[in-house]
Amino acid sequence: MITLKLYVFPVTIYLYTVGMTLISDNSSLISACDKLSKEVYLGVDTEFMRERTYYPKLCLIQISGEKDAIAVDALSPDINLSPVLRLLYNPNITKVFHACRQDMEIFFNLTKKIPYPVFDTQIAAMVCGYGDAISYDKLVKQIVEIEIDKSSRFTDWSQRPLSNTQLKYALSDVTHLRKVYESLEKQLKANNRETWLLEELGLVTNPNTYIVDPENIWSRLKVRSGRPRFLILVKALASFREQEAQRKDIPRNRVLRDDVLLDIAARAPETPEELAKVRSISPNYAASKSGNEILKTISLARKIPTEKAPKIEKRERKNNHSSAIVELLKVLLKMKSEENNVAQKLIAGTADLEAIAEDDIANVPALKGWRREIFGNDALLLKSGKIGLSIYNSSVKISQIN
């Protein structure tokens, strides 16, 4: 049974039976972080909401040390997160996350810096052969042999007070993380794959990963037409939408849905009346300040010369020969994945295989570094006909071809 000690807000709740603490005041936070600063590594996780905002709204930060775990109420009006941030940016402490990309985005938005050094147990698990993007609860079950209650997974973390069930769930995301980290670190060292993990962490620890340039956001849209004038309008409207979403801190689709944006670009309206003919655009909206901003954006985009239109990368339709090579490469990839005990997705994706099928010097990760050693070199030999694939004792094997 969990014993709670409650005070009038601001409050510190002590979960004595499991050494867990919810912190909502500065003095408790400073004390806890000072204690945690002596650790060699920490388990870290966050809970946030994003359904109604552009930027993730940080609600809770969970941190586990060797004996204690804390949950920091990031929404408390009486708390300053500086002590936590000092921990996260302490170069002498390894911060252990699971699937850390969204966590990195949150801390980058707060400070314009990325916590360092970090260890991502999901990525490490892929390097160690636990499959593609394994979930935290499944990884804990396999390594720690504990079943995590995920009933609070979709809870509203912005509501206060938090229930005991919510706290238990949130803190379980870091209390087991240390044991998972210790196990995976040993496996990485035993297999000499520590550099593999560092290479994979390069993307999630790069600040540029979390910088959204409104001028380039148009490329995420599913654009089917390559007409220069249409593309100019798509780019301009997408940039306008992104800047509005950032300024108002609302989801971009609350400004304009993708389909409506593309419809506006196709119609290129010049007046509020013409804008109101676009589906989902009411006459009142068309005549509003937002409608006028859209029309202004279109007007400015009309002045851009067509030769400056953005380009859509055309993907040529693969011929039957290339398709057959890709299918063979998939078999080789599966074999190499099982042979080396590493996730297929981490070695190569379908786009990589298609690129290799078309070009021996394709600029893809599968033909670089450790991936080339365990897969890329044989992929090129298979493509050139110097090796083949055969079945022996129900297993796929490589056969040398003279």
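Count residues from 1 along the sequence. Only heavy atoms go into these numbers, but all of them, side chains included; no hydrogens, no water, no symmetry mates.
- If you take NZ on K308 and NZ on K235, they are separated by 10.5 Å, rounding to the nearest 0.5 Å.
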Take T306 and R229, measure what side-chain hydrogen bond (donor to acceptor under 3.5 Å, both in side chains) needs, and give me the verdict at the end. CA-CA 6 Å; T306 54; R229 182 54 55 194; 5.2 Å; no
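- Counting heavy atoms from C-beta on, the side chains of Q159 and T155 never come closer than 4.5 Å.
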Kindly indicate, with the supporting measurements, whether the criterion side chain to side chain contact (heavy atoms under 4.5 Å, CB included) is fulfilled by I294 and F240. CA-CA 8 Å; I294 291 173; F240 159 77; 3.6 Å; yes
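- One finds no salt bridge joining K222 and D258 here, because no Lys/Arg side-chain nitrogen approaches an Asp/Glu carboxylate oxygen to under 4.0 Å.
- At a threshold of 4.0 Å, the pair K141-D137 does not count as salt-bridged, since none of the basic side-chain nitrogens sits closer than that to a carboxylate oxygen.
- I123 and L201 make their closest contact through CD1-CD2, 4.0 Å (heavy atoms, listed as atom of the first residue, atom of the second, distance).
- Checked for salt-bridge contact, E244 and R247 meet the test: a charged N lies under 4.0 Å from a carboxylate O.
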Worked check of side-chain hydrogen bond (donor to acceptor under 3.5 Å, both in side chains) between E354 and T350: CA-CA 6 Å; E354 291 175 348; T350 301; over 6 Å; no
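- Taking the side chain as every heavy atom from C-beta outward, I312 and L231 approach each other to under 4.5 Å.
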Quick one, F375 with L353, criterion side chain to side chain contact (heavy atoms under 4.5 Å, CB included). Give me CA distance, side-chain angles, the key distance, then yes/no. CA-CA 11 Å; F375 171 74; L353 302 185; 3.6 Å; yes
Please walk me through it: do I23 and D73 pass side chain to side chain contact (heavy atoms under 4.5 Å, CB included)? CA-CA 6 Å; I23 294 178; D73 185 358; over 6 Å; no
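- At a threshold of 4.5 Å between non-hydrogen side-chain atoms, the residues C128 and V342 do not count as touching.
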Given Y130 and Q122, is the side-chain hydrogen bond (donor to acceptor under 3.5 Å, both in side chains) satisfied, shown in steps? CA-CA 9 Å; Y130 286 86; Q122 185 179 74; over 6 Å; no
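- C59 SG to I106 CD1: the interatomic distance, rounded to the nearest 0.5 Å, is 8.5 Å.
- Taking CG of L60 as the start and OG1 of T46 as the end, the distance is 8.5 Å to the nearest 0.5 Å.
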Determine whether Y89 and T111 satisfy the following criterion, side-chain hydrogen bond (donor to acceptor under 3.5 Å, both in side chains), listing intermediate values before the conclusion. CA-CA 10 Å; Y89 297 110; T111 66; 2.5 Å; yes
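- Checking side-chain atoms of S299 against main-chain N and O of L295 turns up no donor-acceptor pair under 3.5 Å.
- A distance of 8.5 Å separates CG in L380 from CG in L329, rounded to the nearest 0.5 Å.
- With salt bridges taken as basic N to acidic carboxylate O contacts below 4.0 Å, one links E338 and K334.
- Side chain of R371 to backbone of A366: no donor-acceptor contact under 3.5 angstrom is found.
- F108 and Y210 have tilted rings, their planes meeting at an angle from 30° to 60° on a 0 to 90° scale.
- Within a 6.0 Å radius of CD1 in I211, other residues, nucleotides and ligands contribute more than 12 heavy atoms.
- A donor-acceptor pair under 3.5 Å is absent between the side-chain atoms of S183 and the main chain of K179, judged by distance alone.
- For K168 and D149, the salt-bridge test fails: no basic side-chain N is under 4.0 Å from an acidic carboxylate O.
- Atom OG1 of T121 sits about 10.0 Å away from atom CG of L197, to the nearest 0.5 Å.
- Listed for the T53 side chain is no donor-acceptor partner under 3.5 Å among the backbone atoms of P56.
- Cation-pi contact between K95 and Y41: absent, since separation from the ring centre below 6.0 Å together with deviation from the ring axis within 45° is not met.
- For the pair I398 and L332, the minimum side-chain heavy-atom distance is below 4.5 Å.
- A donor-acceptor pair is defined here as one N or O able to donate and one able to accept, closer than 3.5 Å; no such pair exists between the side chain of N393 and the backbone of S395.
- In this structure, D359 has no salt bridge (Lys or Arg N to Asp or Glu O under 4.0 Å) partners at least two apart in sequence or on a different chain.
- Taken from CG in D132 to OG in S337, the straight-line distance is 7.5 Å, to the nearest 0.5 Å.
- Under the 3.5 Å distance criterion, with hydrogens and angles disregarded, a donor-acceptor pair is assigned to the side chains of S158 and D156.
- With no hydrogens or angles considered, a side-chain donor-acceptor pair links Q243 and S239 at under 3.5 Å.
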Evaluation steps, salt bridge (Lys or Arg N to Asp or Glu O under 4.0 Å), between R50 and E105: CA-CA 12 Å; R50 197 171 199 161; E105 180 186 5; 2.6 Å; yes
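- Under the 3.5 Å distance criterion, with hydrogens and angles disregarded, no donor-acceptor pair is assigned to the side chains of N216 and S219.
- A donor-acceptor pair is defined here as one N or O able to donate and one able to accept, closer than 3.5 Å; such a pair exists between the side chain of S64 and the backbone of V174.
- Looking only at atom types and distance, the side chain of Y169 has no donor-acceptor partner in the side chain of E47 under 3.5 Å away.
- Within the 4.5 Å cutoff, the side chain of L261 has no heavy atoms near those of the I264 side chain.
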Decide yes or no on ring-ring contact (aromatic ring centres under 6.0 Å, His included) for F119 and Y181, but give the supporting numbers first. CA-CA 8 Å; F119 184 103; Y181 163 69; 4.7 Å; yes
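- Ion pairing of D249 with K57 is absent here, as no side-chain N (NZ or NE/NH1/NH2) approaches a carboxylate O to less than 4.0 Å.
- A distance-only check finds no donor-acceptor pair linking the side chain of H176 to the backbone of V140 [under 3.5 Å].
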Given the rule in the side chain to side chain contact (heavy atoms under 4.5 Å, CB included) test, do L177 and L42 qualify, once you have shown the distances and angles that lead to the verdict? CA-CA 9 Å; L177 198 54; L42 297 169; over 6 Å; no
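- With R160 contributing its side chain and W157 its backbone, the two residues share a donor-acceptor pair below 3.5 Å.
- Considering K383, K386, K336, E373 as possible partners of D378, the one that fulfils the side-chain contact (heavy atoms from CB on, under 4.5 Å) test is K336.
- A salt bridge between K368 and E199 is absent, with no side-chain N of the basic residue lying under 4.0 Å from a carboxylate O of the acidic one.
- Shortest non-hydrogen contact noted between L233 and A301 is CD2-CB, 3.6 Å.
- The closest donor-acceptor contact from the side chain of D120 to the backbone of C100 lies under 3.5 Å.
- The neighbour count for R52 CZ, taken as heavy atoms of other residues, nucleotides or ligands under 6.0 Å away, does not exceed 12.
- Judged by distance alone, the side chain of Q62 and the main-chain N or O of A170 form a donor-acceptor pair under 3.5 Å.
- Annotation: N208, atom CG; neighbour count of heavy atoms from other residues, nucleotides and ligands within 6.0 Å is above 12.
- Considering only heavy atoms from C-beta on, Y54 stays 4.5 Å or farther from R254 through its side chain.
- The two residues A133 and K345 make their nearest non-hydrogen contact at CB-NZ, 4.5 Å.
- Using a 4.0 Å cut-off between charged side-chain N and carboxylate O, R267 and E274 make no salt bridge.
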